[in-house]
Amino acid sequence: MNWVKSLDVILKLVKNIITIDGPSGVGKGTLAFSLAERLGWNVLDSGLLYRLIGYLSITEGLETTQEIVQFLNKSKIELITNLDEGLCEIDLNNNTLGIELRNENIASRAAELAKEEEIRNAIIKIQRNAYDPEKGLIADGRDMGTVIFPEAALKVFLQASPEVRAERRANQLKEKGMSVIMHDLLVQIQLRDEEDMNRKISPLKPADDSLVIDTSNLSIKEVEGRVIKNFKKL
Ligand code: C5P
């Protein structure tokens, strides 16, 4: 019995969770929504939760990890999959947040705070609760396959060169009407990747049993095709 099979026995691999991990701008979100639409599943955009934390630390003036964790514990936080718009939003105490979280300054703050173990632990439950066994889940992030859903039968890890990723991210931001300085964006993305890969807790890395795809020269349909092919084999 190879070790993937033995993992199957130990963890009872779950077929209706697909995890997609990888660095920023690699196409995780686009792939997640394309798969969700095809399969009729929900999407967990876990990065949005970390962005929420970055956003709250600024708007609520929360300076310490303890203050942030206290705020999270007393708040109602729910992730909403908006299939029509192809994105997730967050319901924070009955206020919907989305566009406010989607800029690189918030993302950089999120990456700083995502190094803290207490902060990561405070949102594990929200992430795991996003899985409805009746529905199925595409979980997008950095540690979906390694930490949050190790029981997922299909774990995908996407990679692409920093230049390709910065260009894709720039196009996304421009589509949302935001102005972009390409060089600054590339530097910010590379810095964030460094932080995500080198942190002690839940670093960005492929799970041992993941399907690794370099998306640099592939269209979204080609990437989706490879994932579906592997999904069908399960
Ligand atoms: O995916 P997104 O770019 O929105 O994530 C923002 C930041 O949140 C990442 O750079 C990373 O530091 C953090 N993050 C994380 N673990 C996740 C998802 C995001 O640490 N599962």
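Every number for a ligand or one of its atoms is a count from 1 in the order of the listing.
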S.K.: Tell me the contacting part of Met144 for ligand 1: side chain, backbone, both, or neither, using a 4.0 Å heavy-atom threshold, strictly below.
M.R.: side chain
S.K.: Can you find a heavy atom in the side chain of Leu158 that is under 4.5 Å from one in the side chain of Ile20?
M.R.: yes
S.K.: Any idea which protein heavy atom is nearest atom 14 (N) of ligand 1, and the distance to it?
M.R.: Tyr50 CD1, 3.5 Å
S.K.: Short list, please: which atoms of ligand 1 are under 4.0 Å from a heavy atom of Ser46?
M.R.: 17 (C), 18 (C), 21 (N)
S.K.: Please state which option from Lys28, Gln127, Arg142 has its nearest heavy atom closest to atom 17 (C) of ligand 1.
M.R.: Arg142
S.K.: Can you tell me which residue among Thr146, Asp21, Asp208, Asp209 is in a side-chain hydrogen bond (donor to acceptor under 3.5 Å, both in side chains) with Lys155?
M.R.: Asp209
S.K.: Should the proximity of Ala114 to ligand 1, defined as any heavy atom under 4.0 Å, be assigned to the side chain, the backbone, both, or neither?
M.R.: side chain
S.K.: Quick check: closest heavy atoms across Gln127 and Tyr50, and the distance to 0.1 Å?
M.R.: NE2-OH, 4.1 Å
S.K.: Give a yes or no on whether a salt bridge exists between Lys205 and Asp143, defined as a side-chain N under 4.0 angstrom from a carboxylate O.
M.R.: no
S.K.: Between Arg168 and Ser24, do the side chains contain an N or O donor and an N or O acceptor separated by less than 3.5 Å?
M.R.: no
S.K.: State whether Arg192 and Glu195 are salt-bridged, where the test is any N-O pair (Lys NZ or Arg NE/NH1/NH2 against Asp/Glu carboxylate O) under 4.0 Å.
M.R.: no
S.K.: Quick one: does Arg51's side chain have a donor or acceptor within less than 3.5 Å of a partner on Leu101's backbone?
M.R.: yes
S.K.: Can you report which non-hydrogen protein atom sits closest to atom 16 (N) of ligand 1, along with the distance?
M.R.: Arg120 NH2, 3.0 Å
S.K.: Is the shortest N/O to N/O distance between Asp45 and ligand 1 below 3.5 Å?
M.R.: no
S.K.: Can you check whether Asp143 has an N/O within less than 3.5 Å of an N/O in ligand 1?
M.R.: yes
S.K.: Which is closest to atom 7 (C) of ligand 1 by heavy-atom distance: Arg192, Arg199, Arg51?
M.R.: Arg192
S.K.: Where is the nearest protein heavy atom to atom 12 (O) of ligand 1: which residue, which atom, and how far?
M.R.: Asp196 OD1, 2.6 Å
